[in-house]
Amino acid sequence: MYKDASSTRRKRVIRTDSNLPPYKKIKFANKSFVVGDGVDRISHLPVEVRIHILSLLSLKEAARTSVLSFSWLNLWKHTPSLHFEADIESDVSWNELIDSAGPKYVKMVNRVVESHKSLAIKEFKINFPLDASYANSPITRWLEFAFSRHVQRLELHLDDPEFRNYDTCSCFPEQLLARSNMILDFQSLKELSFKNIVSFVGLESLKISAPSLTSLRVTSLKGVLLENVPMLVDVCVG
Amino acid sequence: MAAETGTPTTLTLKSNDDELFSVAESAAILSVTIRNMVEDGCAGGVIPLDNVDGKTLASVITYMNGISAIPADEEKKKSYRDKFLSDKDFETLADMVLAANYLNMSCLMDAVSAKIAQVMEKKSVGWVRRKFGIENDYTPEEEAAVKEEHKWTFEGVETDDDN
């Protein structure tokens, strides 16, 4: 499983602070939090504890801890929660969104999905206005990843209500449906939320079997047939 | 705040520096590790907790008693947790997170981890290194390579190192 990089390496004492960007002078406003004797306790916490701490940061912040030192390198790749937030400037134009921000977001998710190590994913959340052209290849791959890692909470929000109104809608990836014979069998799924995914192309019915599902939020239930959802208590449509 | 009514079962916990603590079973079983021992019938005598020192165990027991005295009200439990952790320094938090991990107490584990994560939020790499005393053991070339690989994590990030 995870191998602590630092334990296999000779410790080197090379200060590289001079290569870092000039950070502002530090003020410790919260005195109670100052680490007294300068001993690095946090890096010596067990790997599972540090991964737990990282899972509570945003994905970007968790990943950035790789730069701290060897013992933090790629630790974030073991977190069980993947929440891909959209960093969209509020004044971005529609063209920028389609031509630049969208592809960048897709690239970021792809890169994470390709290198992520955690075998169990509790949370997989996509939040970005992606149109139908992305449905087949990237989104299919993401969903396959999420289901192969036994995702418990899946959120696929391809709208952006605060940002703008737009007419295009994404479709549930046909490829994924074709492969699964129209029956989606989600053993570990507890919560499912789809936004702006309305048309189930070419389908008369999509059967969802999810014995652990407790919460379902979808834009439309058209063509969705729920099978084997004994735990479902919370349904929200629209 | 052990209940005075009836005869609540009391457990005796022993820290790794041989301090003994009495605690109501109903509070102690917040720890899954202890609960399993109770269920397996191994909790008759003294329960040795080899990975927790007396100071930390005293604090954990204060938390166990405090949180179990609150009825099922997530808001109140949360505000108790916030208050309980508000005056703890990092050394204590590090001890607590280790104890919570060992004792398998998810609510305490989550609360302490969140408190530690909060300190790292919106801070530059340099600030986090200095705050926690993390030694940068990369060569300049290695650090440049890691930064390049994680370039996306620096995009659109505003750090707030003053607080």
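Residue numbers begin at 1 in each chain, while the letters A, B, ... track the order of the sequences.
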[Y] and [X], any side-chain heavy atoms less than 4.5 Å apart:
| X | Y | value |
| --- | --- | --- |
| B:Val128 | A:Thr65 | no |
| B:Lys115 | A:Leu56 | no |
| A:Val67 | B:Arg129 | yes |

**Study point:** Proximity breakdown for B:Gln118 and chain A, heavy-atom pairs closer than 4.5 Å
**Key:** neither
Nearest 0.5 angstrom please: [X] [atom1] to [Y] [atom2], how far?
| X | Y | atom1 | atom2 | answer |
| --- | --- | --- | --- | --- |
| A:Arg50 | B:Ile116 | CZ | CD1 | 12.0 Å |
| A:Leu68 | B:Glu135 | CG | CD | 12.5 Å |
| A:Leu57 | B:Lys123 | CG | NZ | 12.0 Å |
| A:Ile53 | B:Met120 | CD1 | CE | 7.0 Å |

Review point. Parallel under 30°, tilted from 30 to 60°, perpendicular over 60°: which one fits the rings of B:His150 and A:Trp76?
Key: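 Geometry flag for A:Trp76 against B:His150: perpendicular rings.
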Work out which heavy atom in [X] is nearest to a heavy atom in [Y]; give both atom names and the distance.
| X | Y | value |
| --- | --- | --- |
| A:Ala63 | B:Thr153 | CB-CG2, 3.4 Å |
| B:Asp137 | A:Phe70 | OD1-N, 2.9 Å |
| B:Tyr138 | A:Ser69 | OH-O, 3.1 Å |

Point to revise | Pairs touching residues 54-66 of chain A that satisfy salt bridge (charged side-chain N to carboxylate O under 4.0 Å, His left out), sequence neighbours left out | key: A:Lys60-A:Asp87, A:Glu61-A:Arg64
Verify the neighbour count for atom [atom1] of [X]: are there more than 12 heavy atoms of other residues, nucleotides or ligands below 6.0 Å?
| X | atom1 | answer |
| --- | --- | --- |
| A:Lys190 | NZ | no |
| B:Lys122 | NZ | no |
| B:Glu155 | CD | yes |
| A:Lys125 | NZ | yes |

Point to revise | Any residue of residues 103-115 of chain A which, by heavy atoms, sits under 4.5 Å from chain B | key: A:Lys104, A:Met108, A:Arg111, A:Val112
**Study point:** Proximity of residues 98-111 of chain B to chain A, residues having a non-hydrogen atom under 4.5 angstrom
**Key:** B:Leu98, B:Asn101, B:Met109, B:Asp110
Would you give me the side-chain donor-acceptor pairs under 3.5 Å for residues 17-29 of chain B, sequence neighbours excluded?
residue: B:Asp17; atom: OD1; partner: B:Ser15; partner atom: OG; Å: 2.5
residue: B:Asp17; atom: OD1; partner: B:Gly54; partner atom: N; Å: 2.8
residue: B:Asp17; atom: OD2; partner: B:Gly54; partner atom: N; Å: 3.3

Check your understanding: With a 4.5 angstrom heavy-atom cut-off, which part of A:Ser58 approaches chain B: side chain, backbone, both or neither?
Key -> neither
